[in-house]
Amino acid sequence: MKTKARLLILFLSVSGVCVFWREVSQYVLPQEQRSCACDRCLFENDTLAIERLRKFPQPFLSSNYSLPEEDFKWWRVIQRGGGNISEYRQKMSRVFQLIPDNSPLEASIPGRCRTCAVVGNSRNLLKSHYGPFIDFQDYVIRINRGRSKGFESDVGNRTTHHVMYLESASQIDNTTRPVLFTFKMRDLEWITSVLSTQPSGKKSLFNKDLAMVLNPAFMRNIHQVWLQKKGAYASTGFMALALALHICDEVHVFGFGADSDGNWSHYWEKVPNKKVKTGPHPGKVEYEMIEELASHQVLKFYTGW
Ligand SMILES: *[C@@H]1O[C@H](CO)[C@@H](O)[C@H](O)[C@H]1NC(C)=O
Ligand SMILES: *[C@@H]1O[C@H](CO)[C@@H](O)[C@H](O)[C@H]1NC(C)=O
Ligand SMILES: *[C@@H]1O[C@H](CO)[C@@H](O)[C@H](O)[C@H]1NC(C)=O
Ligand SMILES: *[C@@H]1O[C@H](CO)[C@@H](O)[C@H](O)[C@H]1NC(C)=O
Ligand SMILES: *[C@@H]1O[C@H](CO)[C@@H](O)[C@H](O)[C@H]1NC(C)=O
Ligand SMILES: *[C@@H]1O[C@H](CO)[C@@H](O)[C@H](O)[C@H]1NC(C)=O
């Protein structure tokens, strides 16, 4: 009898502690479990304020990732590159003999707020004086032919990541991460040839030890989920922006959209090129999506001068 009573008392006190603990933890944990130290953390509740937008698990390729066949089928037709999945896997494994296997994305750190500047190439950057504010962010992501020389006061002078694809590639600094976008089978051969035919002593286009390759499945996800299948596929700039939301906890967006005269041209062009349109990309839809993300405070959008 005595033992039973003791056990009962023990049981009651243990469960009491449990209930108490659960209440304490429910009360305390949300604060402690913040995934970053910004005012808001992106994807904190898995979704991104706009319910259909979820964190994509693998934005970059790694050597042991196997691209799903349905994603390959979507990718092979966007620029009519053709090919089959076994060819793709073979060529990609050759790429990974030359570049490091990307470690998974850095997870958010509770005590830190990682900030990104995504710098588009619009003329609306001219006279903006955004330069120092862009350089102040942890990561500065530039796109395609985006450059800073001669435009530092408006576009900044640091570049931590440079997004590029075959037709837009140019020499970049060897401390900048080349983020390679591929749109067709030939682009994989391009990466291999750029990296394997470096004459000694000659400067290579980019530092292969820092190279990363965007996952075609992520490209498809952006087109289908973020842009709801508008246009043929997303522009490099929009994909860079979606990528920034996966790399950083706070994202500042510059140089997107037309200039104040409604012309879509680049900040380095002396005479605005009236022919520049948004090509196969759904420019208007992308712009509206950026505005929507900004209105939900997912990112901060700077519309320039
Ligand atoms: C996440 O959910 C909590 C509780 O439901 C809410 O207070 C918080 O604002 C949400 N965060 C985001 C980023 O939506
Ligand atoms: C390979 O994949 C496994 C899971 O399938 C993962 O845990 C591991 O980190 C990956 N290795 C590399 C080098 O990416
Ligand atoms: C894939 O393409 C390669 C090269 O064109 C060809 O040799 C191979 O037979 C194809 N494989 C399949 C499964 O169709
Ligand atoms: C970049 O600009 C800052 C001032 O904004 C300057 O101090 C720094 O020297 C510049 N760096 C380079 C590499 O030009
Ligand atoms: C980067 O370039 C500098 C000078 O151009 C050189 O001294 C350095 O070794 C290079 N680093 C790498 C990793 O290639
Ligand atoms: C923008 O384009 C219009 C015609 O499309 C042209 O008249 C105007 O001069 C351009 N803007 C600038 C700043 O040149």
Side-chain angles (χ1 to χ4, degrees), residues 54-105 143-145 161-172 177-200 202-240 242-243 246-247 278-282 286:
R54 293 176 185 283
K55 193 162 199 157
F56 193 81
Q58 184 144 13
F60 295 111
L61 292 178
S62 58
S63 67
N64 70 0
Y65 173 81
S66 177
L67 180 65
E69 195 138 7
E70 57 177 323
D71 293 315
F72 175 75
K73 280 188 180 142
W74 174 84
W75 180 84
R76 74 192 285 273
V77 298
I78 54 175
Q79 286 194 357
R80 300 191 190 85
N84 61 47
I85 186 90
S86 49
E87 207 183 342
Y88 180 86
R89 292 190 177 135
Q90 201 183 8
K91 286 191 199 307
M92 217 40 237
S93 73
R94 218 168 292 152
V95 170
F96 276 110
Q97 286 166 9
L98 298 163
I99 69 171
D101 205 359
N102 301 133
S103 50
L105 279 188
I143 298 157
N144 297 338
R145 289 185 291 142
H161 297 66
H162 201 121
V163 164
M164 57 165 96
Y165 58 92
L166 172 91
E167 289 83 0
S168 76
S170 59
Q171 178 78 54
I172 62 166
R177 263 190 188 284
V179 181
L180 308 173
F181 284 22
T182 61
F183 295 93
K184 54 191 173 306
M185 210 62 98
R186 196 156 64 82
D187 296 349
L188 310 190
E189 288 157 25
W190 162 66
I191 299 174
T192 322
S193 74
V194 165
L195 297 176
S196 50
T197 58
Q198 281 172 29
S200 54
K202 212 177 154 205
K203 217 172 167 195
S204 100
L205 213 49
F206 51 75
N207 184 345
K208 69 181 170 66
D209 296 332
L210 300 178
M212 303 164 104
V213 185
L214 196 73
N215 182 355
F218 182 49
M219 297 166 70
R220 180 170 178 235
N221 180 266
I222 295 169
H223 176 243
Q224 302 208 321
V225 180
W226 293 60
L227 300 176
Q228 301 186 297
K229 302 190 185 180
K230 305 280 171 25
Y233 53 98
S235 68
T236 323
F238 190 83
M239 290 194 272
L243 188 60
H246 284 71
I247 296 175
T278 58
H281 313 302
E286 290 184 356

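Indexing begins at 1, ligand by ligand and atom by atom, following the structure's order. Each residue takes its place number in the sequence, starting with 1. Since the model is a prediction, treat every value here as computed from it, not as a measurement.
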Undergrad: Using a 4.0 angstrom limit on heavy atoms, which residues are close to ligand 3?
TA: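 Shell around ligand 3 (4.0 Å, heavy atoms): Asn84, Ser86, Glu87.
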Undergrad: Assess whether side-chain contact (heavy atoms from CB on, under 4.5 Å) is satisfied between Lys55 and His246, documenting all intermediate values.
TA: CA-CA 7 Å; Lys55 193 162 199 157; His246 284 71; 3.8 Å; yes
Undergrad: Partners of Val225 by side-chain contact (heavy atoms from CB on, under 4.5 Å), sequence neighbours excluded?
TA: Arg52, Leu53, Asn221
Undergrad: Does Gln97 have any side-chain contact (heavy atoms from CB on, under 4.5 Å) partners at least two apart in sequence or in another chain, and if so, which?
TA: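 Gln97 satisfies side-chain contact (heavy atoms from CB on, under 4.5 Å) with Arg94 once adjacent residues are dropped.
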Undergrad: Side-chain contact test, heavy atoms from C-beta onward, threshold under 4.5 Å: evaluate it for His223 versus Lys229 and give yes or no.
TA: yes
Undergrad: Table please: side-chain donor-acceptor pairs of residues 66-74 below 3.5 Å, with sequence neighbours left out.
TA:
from	atom 1	to	atom 2	distance (Å)
Ser66	OG	Arg89	NH2	3.2
Asp71	OD1	Arg220	NH1	2.7

Undergrad: Do Asp187 and Thr182 have side-chain atoms, one donor and one acceptor, less than 3.5 Å apart?
TA: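 No - no donor-acceptor pair under 3.5 Å links their side chains.
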